[in-house]
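Numbering starts at 1 and runs along the sequence shown.
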Amino acid sequence: MTLTREAERLSADSQLARTLQPRHLSMIAMGGAIGAGLLVASSTAIVTAGPAVIVTYLLAGTVLVLVMRMLGEMAARSPETGSFSVYARRYIGRWAGFSVGWLYWWFWSVTVAIEATAAATIISGWWPVAPQWLVALVLVLAFMGLNLLSVRSYGEAEFWFSSIKIGAIAVIIVVGLLAVLGLIPSSTASFANYTSGGGFFAHGVGAIFTALLAVIFSMFGAEIATVAAGESSNPAVAVAKAVRSVIFRVLFFYVGSIAVTLLVIPWTMVTAGSSPFVTMFEALGIPYAGLAMNIVVLTALLSCLNASLYAASRMVFALAEQGDAHRAFSRVSTSRAPRNAIVLSSLIGVVSVALNYFMPEQVFSLLVNSTGGVGIFVWLIVAVSHLRSRRLDGGQGTVVVNYLLIVGLLALLIYMGFAEAHRVEVLISVAVAAVLATLGALTHRHSTTVSSHSQRYLGDRSGPHSPASGQPKGYPRSSLSPKRSLFKGFPR
């Protein structure tokens with residue numbers, strides 16, 4: 001067998017299905033960004049910042065818009081299952097792709113357990129005879145099975161999960177507006193609620209930024225649409241549509257729902273850990289609000305569990321394709337699903353669920369804290385990669401926004417490091433990121449070959465990036481030089 005035929009065989013063995021439709025990608029992006037972080041955890045942000053939390057959501061939304069536009073531009077030009085990991089590798093260096101890829105995989109693998117545990121808490125409350133740890137374990141295994149079926153199974157499930165979440169938030173906004181217009185008799189809605197309890201900036205301007213990390217964390221996940229783009233029938237068109245839709249819809253649902261809720265009830269009525277929307281419904285005398293919201297929150301948790309497992313498995317699949325994970329994780333099943341990558345990511349979720357049962361304070365809390373700052377790290381990498389792509393690919397447009405975003409995210413990270421509420425999670429997250437960055441730098445410091453993704457990207461293009469024209473000026477040497485992989489000896 002010639003080397004060419006062997007390469008073709010290996011490529012076919014790791015070819016994912018392309019069965020996701022534009023409607024799937026749009027809902028995947030929405031579902032990834034809208035979850036229990038808005039439905040429940042927004043109460044913590046409200047208590048932290050008071051009515052000024054609206055500014056916090058506007059700031060976080062602006063950051064999301066910028067990041068998604070940058071990521072969408074690169075994804076439309078070159079859709080990849082590894083998304084920003086591949087772009088970081090291409091435009092910054094192999095170490096960057098290695099580091100952010102594994103960091104992202106770690107985040108979503110741990111999130112599998114977090115979402116399963118939270119969902120199990122609700123189910124066990126309805127069905128006390130079922131142990132929480134057992135329910136969480138069954139949920140992880142059930143969604144592992146769903147993802148193993150096919151990518152279309154994941155896409156359909158996420159489409160309907162996300163539809164329920166979006167429908168619920170739309171109802172929240174409509175009910176809030178009816179209360180503001182005085183169409184609900186028991187309503188005490190008033191713009192005066194924005195200044196009650198200490199004024200709009202009840203805890204000072206600094207509280208806006210203290211609440212920002214939690215809000216950014218809740219919005220993190222919209223980028224999954226660009227990870228899924230490689231499995232769509234028309235990647236470039238689908239990802240562009242998904243990015244456009246998520247930008248405006250997320251802003252509308254996040255900012256709109258919070259702004260309306262704080263018009264209906266004063267922020268002092270909100271309790272950290274309890275849904276502010278349930279509080280609003282109860283204040284308006286709407287019956288069964290708690291039960292209805294628990295059902296919606298459960299749907300959101302299951303949606304995020306589904307998305308977490310998908311994102312984690314696709315990232316480790318992409319890392320395997322690039323030589324940064326064992327090649328076994330790039331193999332696909334007969335349904336073109338990355339079987340081994342899905343099983344690995346599920347196992348991390350199972351282990352984390354077990355740790356939550358046996359050592360919730362000692363170990364599980366540490367795992368949760370280790371993911372606290374990952375969203376900021378990933379968005380930083382996206383901004384830097386896009387900045388580099390503008391220079392290396394000759395893209396049009398200003399780069400001032402990139403610099404502003406990079407400086408802003410770094411400033412936020414530093415601020416959170418000094419804030420007592422977030423210090424531990426930020427320091428642990430920085431430590432994990434530093435370890436991976438060091439490992440990536442050491443692994444690829446003697447790189448000498450072109451990576452499969454860079455080679456494909458360069459080989460499929462003409463112009464300054466084609467092989468015939470040689471290495472483009474300023475292109476990172478580590479991206480175009482042969483690798484010395486951590487998994488040397490496991491070639492594709």
Side-chain angles (χ1 to χ4, degrees), residues 27 30-31 33-48 50-51 53-54 57 115-130 132 135-136 139 157 159-194 196-197 218 249-250 252-305:
M27 284 301 186
M30 292 291 294
I34 297 177
L38 170 62
L39 297 171
V40 179
S42 56
S43 60
T44 302
I46 293 172
V47 170
T48 300
V53 74
I54 297 172
Y57 276 97
E115 303 295 337
T117 300
T121 301
I122 295 177
I123 295 174
S124 295
W126 294 337
W127 191 24
V129 296
Q132 180 183 318
V135 175
L139 288 174
F159 177 84
W160 292 109
F161 279 143
S162 296
S163 297
I164 293 172
K165 289 190 293 186
I166 291 170
I169 296 171
V171 169
I172 290 169
I173 294 175
V174 169
V175 169
L177 289 175
L178 291 176
V180 170
L181 295 173
L183 299 178
I184 297 180
S186 57
S187 172
T188 57
S190 168
F191 281 95
N193 286 331
Y194 279 166
S196 65
S218 69
R249 292 178 186 175
V250 167
F252 172 74
F253 286 121
Y254 266 95
V255 179
S257 60
I258 296 297
V260 167
T261 298
L262 294 182
L263 269 177
V264 176
I265 58 173
W267 72 273
T268 51
M269 288 183 62
V270 178
T271 303
S274 299
S275 173
F277 309 121
V278 171
T279 304
M280 180 185 76
F281 285 148
E282 290 176 345
L284 293 174
I286 298 176
Y288 305 109
L291 175 61
M293 187 55 63
N294 271 339
I295 294 173
V296 174
V297 169
L298 178 61
T299 302
L301 292 169
L302 295 180
S303 170
C304 289
L305 170 56

Handout entry: Heavy-atom donor-acceptor pair, Thr268 side chain to Gly197 backbone, under 3.5 Å
Key =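 Looks like no, no N/O pair under 3.5 Å.
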Practice task
Answer yes or no: is there a donor N or O on one side and an acceptor on the other, between the side chain of Thr121 and the main chain of Thr117, under 3.5 Å?
Solution key: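 Checked: pair present.
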Could you go through residues 34-43 and list every donor-acceptor pair under 3.5 Å that involves a side-chain atom there, pairing it with any protein atom two or more places apart or in another chain?
from: Ser42; atom 1: OG; to: Leu38; atom 2: O; distance (Å): 2.5
from: Ser43; atom 1: OG; to: Val40; atom 2: O; distance (Å): 2.8
from: Ser43; atom 1: OG; to: Gly273; atom 2: N; distance (Å): 2.9
from: Ser43; atom 1: OG; to: Ser274; atom 2: O; distance (Å): 3.3

Could you check whether any side-chain heavy atom of [X] comes within less than 4.5 Å of a side-chain heavy atom of [Y], counting everything from C-beta outward?
X: Trp267; Y: Val53; value: no
X: Trp126; Y: Leu298; value: yes
X: Thr188; Y: Leu284; value: no
X: Val260; Y: Ile172; value: no
X: Phe277; Y: Val171; value: no
X: Ile54; Y: Tyr194; value: yes
X: Ile265; Y: Glu282; value: no

Practice task
Under the side-chain contact (heavy atoms from CB on, under 4.5 Å) rule, what do Leu301 and Leu139 come out as? Steps first, then yes or no, please.
Solution key: CA-CA 11 Å; Leu301 292 169; Leu139 288 174; over 6 Å; no
Practice task
Show the numbers, then the answer: is there a side-chain contact (heavy atoms from CB on, under 4.5 Å) between Leu263 and Asn193?
Solution key: CA-CA 6 Å; Leu263 269 177; Asn193 286 331; 5.7 Å; no
Exercise for the section: Give, for atom CE of Met293 and atom OG of Ser275, the distance between the pair rounded to the nearest 0.5 Å. Expected result: 4.5 Å
Fill in the blank from the handout: Rounded to the nearest 0.5 Å, the OG1 atom of Thr299 sits from the CZ atom of Phe161 at a distance of 6.5 Å
Exercise for the section: Kindly indicate, with the supporting measurements, whether the criterion side-chain contact (heavy atoms from CB on, under 4.5 Å) is fulfilled by Ser257 and Phe252. Expected result: CA-CA 8 Å; Ser257 60; Phe252 172 74; over 6 Å; no
Completion exercise
Which of Thr261, Thr44, Ile46 passes side chain to side chain contact (heavy atoms under 4.5 Å, CB included) with Val270? It is Ile46
For [X] and [Y], work out which heavy atoms get closest and say how close.
X: Ala120; Y: Ala136; result: CB-N, 3.6 Å
X: Pro51; Y: Leu262; result: CA-CD1, 4.0 Å
X: Met269; Y: Ala283; result: CE-CB, 4.1 Å
X: Tyr254; Y: Ser218; result: OH-O, 2.9 Å
X: Ile184; Y: Val175; result: CD1-O, 3.8 Å

Practice task
Indicate whether any N or O donor in one side chain lies under 3.5 Å from an N or O acceptor in the other, for Lys165 and Ser303.
Solution key: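 Yes.
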